[in-house]
Student: 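Here it is, the structure in full.
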Amino acid sequence: MVSSLLSLFLLGSPALAAEPSKPMAKSPDASRAEAARLVSAFLGDTPLMSDLQSLVDEVGGRATGSPANLRSVDWALARFHEAGVEARKEAFQMPGLWLERSASATVRGTGVSYSPRIAAMPFSTSTPKGGLTASLLDAGKGTERDFKALGEKAKGAFLLVDTAELKDVDGLFREYAESAEIEQRAFAAGAAGVVYMGSRPHNLLYRHNVSVGLRNTRPMMVMERDGALRAQRLLRTGKTLTLTAEIDLQTGPAYESYNVIGEIRGGTRPDEVVVIGAHLDSWDLGTGALDNGANVVALIDLARQMKRLGIKPARTLRFALWNGEEQGMYGSAGYVQAHEAELDKHVMASSFDIGCGRINGFFTGGRPELPPLVERALEPVKGLGPFTQVDVPIVGTDNFDFMLHGVPNLVANQEPALYGPNYHARSDELDKCDPQQLRLNTAIAAALAYGFAQMDAKLPRHSRAQVEELVRTTDLGQQMKSSMLEDWTSGKRGRKGNATAGPETH
Ligand SMILES: [Zn+2]
């Protein structure tokens with residue numbers, strides 16, 4: 001009330017009438033008070049959990065390209081609009097359609113026949129009607145030595161790969177890194193396909209991308225753990241087995257999908273943008289509560305509460321609900337392409353994608369100037385800390401293309417809670433998310449977003465040469481795996497520039 005009366009009074013003043021459209025910047029004290037008001041909003045009556053329930057139970061699993069995914073786009077737009085937040089959908093290209101219709105398998109040997117459940121791995125090929133039958137071989141853990149032992153026999157066979165039971169997020173990273181190598185060996189050996197023993201307890205099925213993405217040419221699958229262990233035991237006692245896998249897919253060429261972008265325009269620096277993002281799509285076996293519905297509803301509620309409290313940040317805040325993340329971060333890649341001309345004015349792009357566990361800091365992408373700014377932004381929620389920033393680049397979520405374009409980027413580092421075992425699994429459902437922690441995480445996201453929207457500091461965007469240096473001097477190149485590294489070096493993804501340039505000279 002006081003500030004609006006004051007601005008009415010000031011508008012009448014001839015000295016200030018020359019610039020009537022430029023609102024006054026807030027004092028540091030006023031910003032602090034506003035941040036405090038904002039972060040406390042998430043402890044009160046908010047529809048955070050009913051939104052999450054609606055997204056996961058009503059819309060459901062929402063793989064990009066599916067009707068449920070299109071419903072989720074409308075759902076998110078409606079949530080923003082109901083809150084009075086300006087929002088739009090922005091189209092981008094998905095490189096190809098991949099959805100599983102059904103997948104089944106039968107293991108057979110003399111006197112043995114059983115049908116363990118399987119899930120096709122994203123980018124698996126389909127099989128002929130009636131299935132593809134090939135011998136099933138024990139490929140151990142798929143190491144170099146295991147493949148040597150298999151020798152020529154691997155050719156044309158389904159290779160059963162042993163996995164350790166997955167306990168946590170570290171196990172997940174290991175799983176991804178190992179599978180890329182295993183698949184390289186299996187493809188080189190001419191295998192008919194790879195059958196991973198499910199790494200999750202209780203025979204949980206989950207989706208795990210084939211490491212070469214759309215370029216894959218084989219049926220690839222995860223088999224429920226007990227069924228795979230049984231096959232492995234039979235093979236290890238000398239039984240000869242075959243596997244018939246029947247995978248029915250809906251596939252297609254490149255198509256258009258949509259990000260949903262909510263926006264609160266900045267009051268004094270509207271052309272400068274802070275992106276706070278979470279991906280809207282999920283895999284389809286479960287309903288995507290941890291990955292990543294929880295963070296989607298957090299960002300929607302953050303926009304809603306800012307609007308409700310009448311908070312107008314200095315910079316423009318974009319609440320980006322990305323699509324096509326699971327297939328290779330295509331929504332955020334599409335955004336940086338479409339908004340390339342604006343990227344110099346992108347102050348920071350953040351990504352929230354590790355479920356409902358406590359946010360204990362941020363990955364700051366290998367930019368030592370960034371952690372102090374994050375700490376400053378988190379001041380209003382320091383009681384929810386301690387927060388530790390980890391200054392390494394992270395591949396695997398929607399900060400990636402911002403990073404390749406030199407934009408300061410953050411990924412919320414969250415305690416694993418129930419994330420690992422339920423990742424991309426049938427069990428990623430509402431009950432896995434702790435509502436109280438989600439509220440606290442939303443307050444943390446709010447402080448971060450508001451802090452970066454208000455602070456005077458602005459880090460410059462990195463040049464192509466500086467990004468190249470980051471790739472060279474960290475494990476970024478290794479994390480990127482073959483396909484993304486190729487996209488970067490060929491210029492398909494990332495900031496343009498002379499690929500062989502030395503350090504920046506200007
Ligand atoms: Zn995710």
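Worth knowing before you read on, the calculation uses all heavy atoms, side chains too, and leaves out hydrogens, waters and symmetry mates. Source: prediction; values computed, not measured. Whatever order the structure lists them in is the order used to number ligands and atoms, beginning at 1.
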Student: With a cut-off of 2.8 Å, does Glu326 put an N/O/S atom close enough to the Zn ion (ligand 1)?
Tutor: no

Student: Is Arg185 salt-bridged to Glu183, cutoff N-O under 4.0 Å?
Tutor: no

Student: Below 2.8 Å, can you find an N, O or S atom of Glu325 next to the Zn ion (ligand 1)?
Tutor: no

Student: Using distance only, find each side-chain donor-acceptor pair of residues 38-45 under 3.5 Å and give its atom names and separation, not counting sequence neighbours.
Tutor:
{"from": "Ser40", "atom 1": "OG", "to": "Ala36", "atom 2": "O", "distance (Å)": "3.2"}
{"from": "Ser40", "atom 1": "OG", "to": "Arg37", "atom 2": "O", "distance (Å)": "3.0"}

Student: Applying disulfide (SG to SG under 2.5 Å) as the test, list every pair that has at least one member in residues 332-437; sequence neighbours left out.
Tutor: Cys356-Cys433

Student: Does NZ or CZ of Arg200 lie under 6.0 Å from the centre of the six-membered ring of Tyr206, at an angle within 45° of the ring axis?
Tutor: yes

Student: For the Zn ion (ligand 1), what is the closest N, O or S atom on Asp353?
Tutor: OD1

Student: Among the N, O or S atoms that Asp291 has, which is closest to the Zn ion (ligand 1)?
Tutor: OD1

